[in-house]
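Input: a single structure, listed below in structure tokens.
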Amino acid sequence: MSWQIWTSLFLAIISFHTSYPQSLRFDKHNRVQMGVQNAECDDATYRLEVDWFDDPRNFTCYHPNYKFLPIESEPVLECDNLPSTYYPNHFCMNTPLQYDHPIPTHGDHRPLWPMFGEYKFVPTQRWLHNIEHGAVVMLYHPCTHHNLVEKLRRVVTGCLRKHVITPHYALTREKPLALVAWGCRMLMSEVDEEKVTDFIKKYALKGPEGDLPKEGQYTHALIKKAEVPRGSDLKDSVLCPNYV
């Protein structure tokens, strides 16, 4: 078979996997319209297995007698220099999405984002959309000691409504906790309330649509919907109102 035929076949395959249904609507950035359920693209229930569908390996600690305990060390802050003109793309469920970093701070994602709150597990392809909307995502390795997880959970839920909490298998024993916001992540081995609240106050509500309060439509494996912290409002106008 000639190379021209192989090239045509290859391009046809690529076109098939990245094509969009004719029923889709697009936004001003020529992306699939976010927040619109479409069974041919993304309705938050269709083809979830492309990203994740109840695989227990993503939320199970297989060494329950060796939980990760706090280690006295400074958190690691890593930020990407994102241009103001950068807008991640929205891809339908017929396109697998992968990332260069195990804990990305930005990237292409699904058109429908998770409802704010805590989950048994949320795939990266979903919560990346939340941080574009100004959310802070709290990640923890499944083997992290429950006291550490609870301490960080208490601070995050007390700081802002727009949060997502989920285990994340890519974290390490040395740094089993992380916060992710638009363009930045902070990796932690212990919970320093002051540094956590400083991160949230500085990096939350950023992103191309950082002030958007609208709830998401993806709720698979949702444990608890986020609530407005006492002293703030639906728009998170006051970040960390109970932490001076």
Side-chain angles (χ1 to χ4, degrees), residues 44-45 47-78 96-107 109-110 113-131 135-160 162-181 184-193 195-196 199-200 203-204 216 218-227:
T45 59
R47 292 190 68 183
L48 297 185
E49 69 279 359
V50 174
D51 299 331
W52 174 79
F53 188 69
D54 296 343
D55 186 338
R57 289 175 296 179
N58 296 84
F59 56 77
T60 302
C61 176
Y62 290 100
H63 307 283
N65 296 323
Y66 299 95
K67 293 285 189 175
F68 298 169
L69 296 171
I71 300 172
E72 188 174 342
S73 66
E74 289 295 311
V76 175
L77 178 65
E78 300 171 334
L97 297 175
Q98 295 182 335
Y99 305 99
D100 294 334
H101 195 283
I103 307 172
T105 67
H106 60 280
H109 46 252
R110 303 303 178 195
W113 64 98
M115 181 178 287
F116 299 113
E118 182 167 359
Y119 289 77
K120 193 172 186 178
F121 180 78
V122 180
T124 305
Q125 294 87 344
R126 293 288 177 180
W127 58 252
L128 275 176
H129 200 150
N130 293 74
I131 64 172
V136 171
V137 175
M138 169 187 154
L139 305 175
Y140 62 94
H141 190 283
C143 288
T144 308
H145 195 280
H146 63 88
N147 287 344
L148 270 178
V149 176
E150 173 55 30
K151 186 175 182 180
L152 185 55
R153 177 193 291 119
R154 186 172 64 250
V155 180
V156 170
T157 57
C159 274
L160 78 169
K162 295 202 316 185
H163 67 262
V164 172
I165 300 174
T166 176
H168 193 71
Y169 52 87
L171 291 162
T172 66
R173 176 183 288 273
E174 292 72 27
K175 291 286 190 290
L177 302 168
L179 295 178
V180 188
C184 291
R185 62 184 158 261
M186 185 166 70
L187 308 176
M188 299 169 287
S189 57
E190 57 184 345
V191 180
D192 183 317
E193 288 189 0
K195 290 176 180 176
V196 170
F199 178 92
I200 293 173
Y203 299 111
Y218 178 93
T219 59
H220 185 71
L222 176 67
I223 296 173
K224 184 179 180 181
K225 181 181 177 181
E227 299 176 354

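When reading the values below, keep in mind they use all heavy atoms of this one structure, side chains included, and skip hydrogens, waters and symmetry mates. Everything numeric here is computed off the predicted structure, so don't read it as measured data. All residue numbers in this chain count up from 1 along the given sequence.
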For [X] versus [Y], what's the shortest heavy-atom pair and its separation?
| X | Y | answer |
| --- | --- | --- |
| Val180 | Ile131 | O-CG2, 3.8 Å |
| Cys61 | Lys67 | CB-NZ, 4.2 Å |
| Lys175 | Pro75 | CE-CA, 4.5 Å |
| Phe59 | Trp52 | CE2-CZ2, 3.8 Å |
| Leu187 | Ala178 | CD2-CB, 3.8 Å |
| Pro167 | Pro142 | CB-CG, 4.2 Å |

With side chain to side chain contact (heavy atoms under 4.5 Å, CB included) as the test, would you mind laying out the steps for Ile223 and Tyr119 before giving the verdict? CA-CA 5 Å; Ile223 296 173; Tyr119 289 77; 5.5 Å; no
Test your reading of the model: is there a side-chain donor-acceptor pair from [X] to the backbone of [Y], 3.5 Å cut-off?
| X | Y | result |
| --- | --- | --- |
| Lys151 | Val191 | yes |
| His109 | Gly107 | yes |
| Asn130 | Val137 | no |
| Gln125 | Leu97 | yes |
| His168 | Pro102 | yes |

Going from [atom1] on [X] to [atom2] on [Y], what distance comes out if it is rounded to the nearest 0.5 angstrom?
| X | Y | atom1 | atom2 | result |
| --- | --- | --- | --- | --- |
| Asp192 | Leu152 | CG | CG | 11.0 Å |
| Met188 | Thr144 | CE | OG1 | 10.0 Å |
| Gln98 | Asp51 | CD | CG | 10.5 Å |
| Glu72 | Ser189 | CD | OG | 8.5 Å |
| Thr60 | Asp55 | OG1 | CG | 8.5 Å |
| Thr166 | Phe121 | OG1 | CZ | 5.0 Å |

Evaluate whether atom CD of Glu49 has more than 12 neighbouring non-hydrogen atoms of other residues, nucleotides or ligands under 6.0 angstrom away.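 Yes - once you tally the heavy atoms of other residues, nucleotides and ligands closer than 6.0 Å, there are more than 12.
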Tyr66 OH: over 12 foreign heavy atoms closer than 6.0 Å: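 Check fails, neighbour count at 12 or below.
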Under the ring pair (Phe, Tyr, Trp, His ring centres under 6.0 Å) test against Phe68, which residue among His63, His145, His141 passes?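 Exactly one option meets the ring pair (Phe, Tyr, Trp, His ring centres under 6.0 Å) with Phe68, and it is His141.
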Would you sort out whether Leu48 and Arg126 count as a side chain to side chain contact (heavy atoms under 4.5 Å, CB included), showing the intermediate values? CA-CA 10 Å; Leu48 297 185; Arg126 293 288 177 180; 3.7 Å; yes
Is a salt bridge present between Lys224 and Glu118, judged by a nitrogen-to-oxygen distance below 4.0 Å? no
Quick one: do the Arg185 and His101 side chains pair a donor with an acceptor below 3.5 Å?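 A donor-acceptor contact under 3.5 Å links the two side chains.
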Testing the 3.5 Å rule here: is there a donor-acceptor pair between the side chains of Thr219 and Lys225?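 There is no such pair between these side chains.
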How far apart are the C-alpha atoms of Thr124 and Tyr99, what are their side-chain angles, what is the distance that settles it, and do they pass the side chain to side chain contact (heavy atoms under 4.5 Å, CB included) test? CA-CA 9 Å; Thr124 305; Tyr99 305 99; 3.8 Å; yes
Would you call the rings of Phe199 and Tyr203 parallel, tilted or perpendicular, taking 30° and 60° as the class edges?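 Answer is tilted, since the angle falls between 30° and 60°.
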pair [X]-[Y]: side-chain heavy atoms closer than 4.5 Å:
| X | Y | answer |
| --- | --- | --- |
| His163 | Thr157 | yes |
| Trp113 | Val164 | no |
| Glu78 | Ile103 | no |
| Asp54 | Lys120 | no |

